[in-house]
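Just so it is clear, the structure is predicted and the values come from calculations on it, not from any experiment.
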Amino acid sequence: MENLISLVNKIQRACTALGDHGEASALPTLWDSLPAIAVVGGQSSGKSSVLESIVGKDFLPRGSGIVTRRPLVLQLHKSDEGSREYAEFLHLQRKRFTDFSAVRKEIQDETDRETGQMKQISSVPIHLSIYSPNVVNLTLVDLPGLTKVAVEGQPDTIVQDIENMVRSYIEKPNCIILAISPANQDLATSDAIKISREVDPAGERTIGVLTKIDLMDKGTDAVDILEGKSYRLKFPWIGVVNRSQADINKNVDMIAARRREREYFASTPEYKHLAQRMGSEYLAKVLSKHLETVIKSRIPGIQSLINKTVAELETELSRLGKPIAADAGGKLYTIMEICRLFDQNYREHLDGVRSGGDKVYNVFDNQLPAALQRLQFDKQLSMENIRKLITEADGYQPHLIAPEQGYRRLIESTLVTIRGPAEASVDAIHSILKDLVHKAMNETLELKQYPALRTEVGNAAMESLERMREQSKRATLQLVDMECCYLTVDFFRKLPQEADKGTTVLSYVNAVCAGLRHSIPKSIVYCQVREAKRSLLDFYYTELGKLEQNRLSALLNEDPAIMERRSALAKRLELYRSAQAEIDTVAWAK
């Protein structure tokens with residue numbers, strides 16, 4: 001099952017390299033779903049010494065106050081027997097450290113690069129991988145030591161800041177908490193136990209480690225704790241004996257330190273019966289085995305997350321569109337395809353597949369009739385106006401027959417007012433067609449990919465609509481003008497009998513108005529709506545064929561942010577697909 005931890009380590013490194021542990025998403029990130037072990041303890045609890053004992057190397061910064069000021073993600077990789085030990089930092093890829101004192105210095109330097117030298121802290125982790133035949137496959141996250149007071153140069157919020165950082169790791173359900181507590185202090189005051197209990201009340205994710213057992217007061221021991229009598233956790237407590245400061249100053253190596261640790265538990269009467277499950281070597285094996293078990297139990301959930309995320313990434317990449325073709329023919333084809341998609345979306349609005357086309361009908365069914373009604377023909381053709389017309393028609397001479405020219409002028413002046421509603425209808429349809437262009441452009445995702453093309457297509461569509469409006473206006477107003485310039489003869493034949501009544505004049509105008517109410521929409525639809533559906537971009541297509549490659553390239557000059565986003569998503573998708581295949585392989589092998 002060692003391959004399983006190695007696989008998780010590999011995925012975690014890839015996630016980190018791609019920045020896939022802080023991406024805002026509806027789904028949790030793959031990094032968050034992978035089990036890991038967070039090392040928690042107060043300052044001077046022996047936390048660093050425990051980690052060095054597990055690794056078997058001196059590599060962590062030491063000193064007073066807050067030494068660990070950034071999370072250290074430590075990945076241990078068991079290599080073949082006899083192979084050379086080395087370390088690699090993620091921020092210094094392809095540089096191998098074989099001198100572990102240089103590793104310590106680089107941790108310190110990289111911490112200062114992020115936080116400065118004023119003992120500030122940062123939640124940005126340092127990622128370190130160690131390859132050695134003397135380690136077990138394991139991932140540990142070393143967190144800043146919990147503290148109760150700020151030292152000089154630190155903000156007053158440092159205590160809460162560290163606690164919040166630690167909590168952000170250990171509150172995740174996939175996190176295993178390695179709680180480090182010194183045996184020479186009251187366990188009731190242990191910072192590690194206190195914060196672990198808050199996020200894991202039942203102790204199901206917490207492994208307790210007791211340090212400094214050899215430094216307890218004479219006559220006291222840690223047997224009750226190690227046997228789980230004084231504070232019970234789901235997993236047995238493990239005691240360790242770290243190197244003393246004097247040992248560190250004398251450069252006592254880890255092999256000798258581990259041997260002395262084994263001898264201490266085997267020879268101390270109080271702990272002899274527990275010796276087989278004490279010590280840093282046993283701790284490393286327990287952690288590795290437990291991590292394997294947890295990973296194995298989480299495989300279905302990890303698979304589900306990976307599958308969902310792959311689908312999410314594929315959808316997002318599809319939305320962003322394909323990368324740009326290199327040759328002129330490919331570029332022209334891409335532009336034509338995008339224009340065709342826009343044209344299709346536009347037609348669907350007019351055909352009712354998408355919303356908006358119904359507004360055209362509303363103009364003809366409501367706005368035009370209402371505008372014609374407001375003309376108030378009955379007032380323009382009132383008996384008073386007709387009598388005035390008859391009286392003034394022949395000047396001082398009394399009229400012998402109905403004043404034909406006067407009637408013509410009266411009817412023409414009345415009918416000509418219909419030009420207003422007719423022209424307003426043309427403009428109203430033009431406004432609707434323009435709005436539908438904007439809607440169709442927003443719905444054509446490929447146009448968002450290329451701002452220059454979006455602008456040009458929009459301008460071309462607007463120019464076409466403008467030409468259609470002018471043609472429609474001419475045709476529609478001609479309908480009104482035709483009614484004004486030629487009156488139906490039957491009307492005049494009835495004048496001698498009905499002139500005094502005034503009803504013929506009004507009924508004629510109303511009849512003409514009723515006819516125009518139906519013919520105006522037909523003219524507008526024919527000249528504007530029909531043409532917009534048939535040939536909105538025809539003129540633009542003709543112009544496209546004349547463009548040189550550099551101009552085509554300019555139209556497909558994609559927004560750099562979208563290009564970066566697509567590249568990042570493609571890399572992340574590759575990572576998730578690779579993880580998907582490898583996790584599936586492990587799952588089938590169970």
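Remark: side-chain polar atoms of R205 are paired, donor with acceptor, to backbone N or O of V199 under 3.5 angstrom. For the pair Q185 (side chain) and S190 (backbone), a donor-acceptor distance under 3.5 Å is absent. Formation of a donor-acceptor pair under 3.5 Å by the S83 side chain with backbone atoms of D80 is found in this model. Without hydrogens or angle criteria, D253 side chain to A256 main chain gives a donor-acceptor distance under 3.5 Å. Between the side chain of R70 and the backbone N or O of P125 there is at least one donor-acceptor pair closer than 3.5 Å. Formation of a donor-acceptor pair under 3.5 Å by the D224 side chain with backbone atoms of K229 is not found in this model.
Proximity of L72 to L60: side-chain heavy atoms (C-beta onward) are separated by under 4.5 Å at one or more points. Between F59 and I107, the closest side-chain pair of non-hydrogen atoms falls below 4.5 Å. Looking at heavy atoms from C-beta onward, K148 lies out of side-chain contact with V159 at the 4.5 angstrom threshold. Side chains of M278 and V240 form no contact here, defined as non-hydrogen atoms less than 4.5 Å apart. At a threshold of 4.5 Å between non-hydrogen side-chain atoms, the residues R298 and I295 do not count as touching. Between D58 and F100, the closest side-chain pair of non-hydrogen atoms is not below 4.5 Å. Contact check for L447 versus I338: side-chain heavy atoms found under the 4.5 Å cut-off. When side chains are defined from C-beta on, L313 does not count as touching E574, because their heavy atoms never get closer than 4.5 Å.
In this structure, R113 pairs ionically with E110, as a charged nitrogen and a carboxylate oxygen lie closer than 4.0 Å. A salt bridge does not link K234 to E204: none of the charged side-chain nitrogens sits closer than 4.0 Å to a carboxylate oxygen. A salt bridge is defined here as a Lys NZ or Arg NE, NH1 or NH2 lying under 4.0 Å from an Asp or Glu carboxylate O, and E163 with R167 meets this definition. Salt bridge E52/R243: present, at least one basic N to carboxylate O contact under 4.0 Å.
Note that CD of E312 is 8.5 Å distant from OH of Y576, once rounded to the nearest 0.5 Å. A distance of 11.5 Å separates CD1 of I121 from OG1 of T111, quoted to the nearest 0.5 Å. From S318, atom OG reaches atom CG of L569 across 12.0 Å, with rounding to the nearest 0.5 Å. Rounded to the nearest 0.5 Å, atoms NZ (K194) and CG (L187) are 13.5 Å apart. One distance of note links CZ of R551 with CG of L332; it measures 13.0 Å at 0.5 Å rounding. Atom CD of E270 and atom CD1 of I213 lie 11.0 Å apart (nearest 0.5 Å).
Side-chain polar atoms of S196 and D200 form no donor-acceptor pair below 3.5 angstrom. Under the 3.5 Å distance criterion, with hydrogens and angles disregarded, a donor-acceptor pair is assigned to the side chains of H273 and E227. Side-chain contact annotation: H91 with E114, donor-acceptor N/O pair under 3.5 Å absent. With no hydrogens or angles considered, no side-chain donor-acceptor pair links N134 and R258 at under 3.5 Å. Under 3.5 Å, the side chains of E85 and S132 contain a donor-acceptor pair of N or O atoms. One side chain, T147 or Q43, offers a donor N or O that lies under 3.5 Å from an acceptor on the other. For the residue pair R69/T115, the side-chain donor-acceptor check at 3.5 Å is satisfied. Using modelled atom types, one finds no donor on one side chain facing an acceptor on the other under 3.5 Å when comparing Y264 with R259. When only modelled atom types and interatomic distance are considered, Q160 and N164 share a side-chain donor-acceptor pair under 3.5 Å.
For the side chain to side chain contact (heavy atoms under 4.5 Å, CB included) with I37, the qualifying choice from I207, L138, V294 is L138, the only one to do so.
Nearest heavy-atom pair, P61 versus Q108, reported as atom, atom and distance to 0.1 Å: CB-OE1, 3.6 Å. Scanning both residues, I180 and G46, for their nearest heavy atoms gives CG2-C, 4.3 Å. In terms of heavy atoms, Y169 sits closest to S123 at OH-O, 4.3 Å. For the pair G42 and D191, the tightest heavy-atom approach, listed with the atom from each and the gap, is CA-OD2, 3.8 Å. Closest approach of A284 to I54, counting heavy atoms only: CB-CG2, 3.9 Å.
For H127 and F89, the distance between ring centers is not under 6.0 angstrom.
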(request) Carefully, step by step, assess R197 and Y231 under the rule side-chain hydrogen bond (donor to acceptor under 3.5 Å, both in side chains). (result) CA-CA 11 Å; R197 182 184 293 168; Y231 188 86; 3.1 Å; yes
